[in-house]
Amino acid sequence: MADASIEFKGSSFTLSVLHLKTLVLADIRNDLEKKVAQAPDFFYLVPIVVNIEKIASSVDYQAIKSLIEEFNFTFVGFTGAVSKEQRKIIRELGFSFVNTTKVDTSQKAIVAEEALVKEAEKTVATALSKLYTDKVHRGQIRSGQQVYAKGQNLVVIGSVSAGAEVIADGNIHVYGSLRGRAIAGAKGHHKAQIYCQKLEAELVSINGNYWLSESMEQHWSSPVYIHLNDNELTSSKLI
Amino acid sequence: MARVIVVTSGKGGVGKTTSSAAIGLGLALKGNKVVLIDFDIGLRNLDLIMGCERRVVYDFVNVINGEATLNQALIKDKRVSSLSILPASQTRDKDALNKENVGKVLEELGKSYDFIVCDSPAGIEAGAMMALYYADEAIVTTNPEVSSVRDSDRILGMLASRSRRAELGLEPIKEHLLLTRYSPKRVEEGEMLSVEDVEDILSIPLLGVIPESQAVLKASNAGEPVILDTMSDAGKAYQDVVDRLLGETIDFRFLIAEKKGIFSRMFGG
């Protein structure tokens, strides 16, 4: 007989554990909202184990799972030093209970963990770059105005005046002249790009790397796109 | 319904009051009932340009506070009977106006006038916001230089976001570009932005180009709006602006520097 089509093997992963300190769902929701708002990219689809050690035994497990999933986490199971009866209830409800193993503090393990985290972040980032939707602004963005496409790409059908500011967590497209400031990948996204029909910007920035007008001489007043190449800003002609 | 037109700019000294006076008088000369309102509370100038400074008894702030009726405060122009001026207060400041009462005054004026021309103060503070809040149309007065263009751009942003029309989600304010103090010669020499440059940056329809002219200063000091000086380039250009506001299509003039004729060249004219 040929080899089996599947094989089970044990591996250890670094999972984020959410420690609950209260049973009040509204409070948990509030705090989660604040936390996730700080770095939505980072938390997106991250696997989460919920530690219920610090809260009483009468827990509404289903409600907690739903709440976690509402914030786009991937729910894995519950953990914590709880009674045998409670574990039984958890299993009977159809949730898995995850046992913690002793922490391996050797240098090797830490390095491996870091690599894992990096890998996970990368996966999340690639997933995100595909997921951004577009915020479309029709008309000119005038001096003193600011438009922010939170968690989106920004499409401007019109020019961006000197003294105006356009910001997006994703890409920025300007179908007109870009004379103001454009900040793409504002929450950290190294693949973000800036496109415009005429580059006369005061400042362009991608993932925290920025250029002032003086650095744009090569393609000044031309249709260009700006992107990161090995963490260095690069501009290329569109046509 | 009266057309409420605000003459605004952001930057000071670009010719808002001169333009308000010329356009208001021009519209009235064409047979329209026009009221000119000075929103520059504390720095009233419109009455000087209109030559009625000695006839101010009550002012806009008195009307707002209910200390005088509109009819008491309105000054009838001596040249054109269909034109009235509502002067600003010299002794108060811009906080003396409030949205609700300004709205009431404009509503009442709207019943008996065809045009309400609001002369805005400079800046982007409360006074300027008050002048543009109720506008249906805006004449954005701009000089062909970068700081004026930048400030006009800022005001255009305000017109699109802070006006009554914007707040209620109505049809946006109709924007007109009025380029003043234009000198084709200096444009040719590269010292001044051209009409095309300004249009490219602001991208709003051009209403008129007023050439730089000695006649403007002379007219201001005499209290005779420059549109009455029918021999001057500036007067003619303002007349074109008025005709365009009334829906006529007129070619733009005074955009090219005058070439010296052969005789003036020969005799050093």
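Sequence lines set the chain letters: A, B, ... in the order given, protein chains first and strands last, and positions in each chain run from 1. Remember, predicted model here, so these are calculated numbers, not experimental data.
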Legend entry - Interface residues of residues 138-153 of chain B facing chain A - heavy atom cut-off under 4.5 Å: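 Expected list: B:R150, B:D153.
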[X] atom [atom1], neighbour heavy-atom count above 12 within 6.0 Å:
X      : atom1 : answer
B:E189 : CD    : yes
B:R162 : CZ    : no
B:E167 : CD    : yes
A:Y210 : OH    : no
B:E191 : CD    : yes
A:K187 : NZ    : yes

**Request:** Under 4.5 Å heavy-atom distance to chain A, tell me which part of B:I204 shows up: side chain, backbone, both or neither.
**Result:**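 B:I204 touches chain A through side-chain heavy atoms alone.
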Handout entry: Contacting moiety of B:L202, where chain A heavy atoms sit under 4.5 Å
Key =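 The answer is both parts of B:L202.
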OG-CG distance between A:S177 and B:D200, expressed to the nearest 0.5 angstrom: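 Answer rounded to 0.5 Å: 5.5 Å.
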**Item:** Residue pair B:I201 / A:R179, side-chain heavy-atom distance below 4.5 Å
**Value:**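 Touching, per the 4.5 Å side-chain cut-off.
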| Do you know which of A:G163, A:G158, A:A162 has the most heavy-atom pairs under 4.5 Å to chain B? |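 Going by pairs under 4.5 Å, I would pick A:A162.
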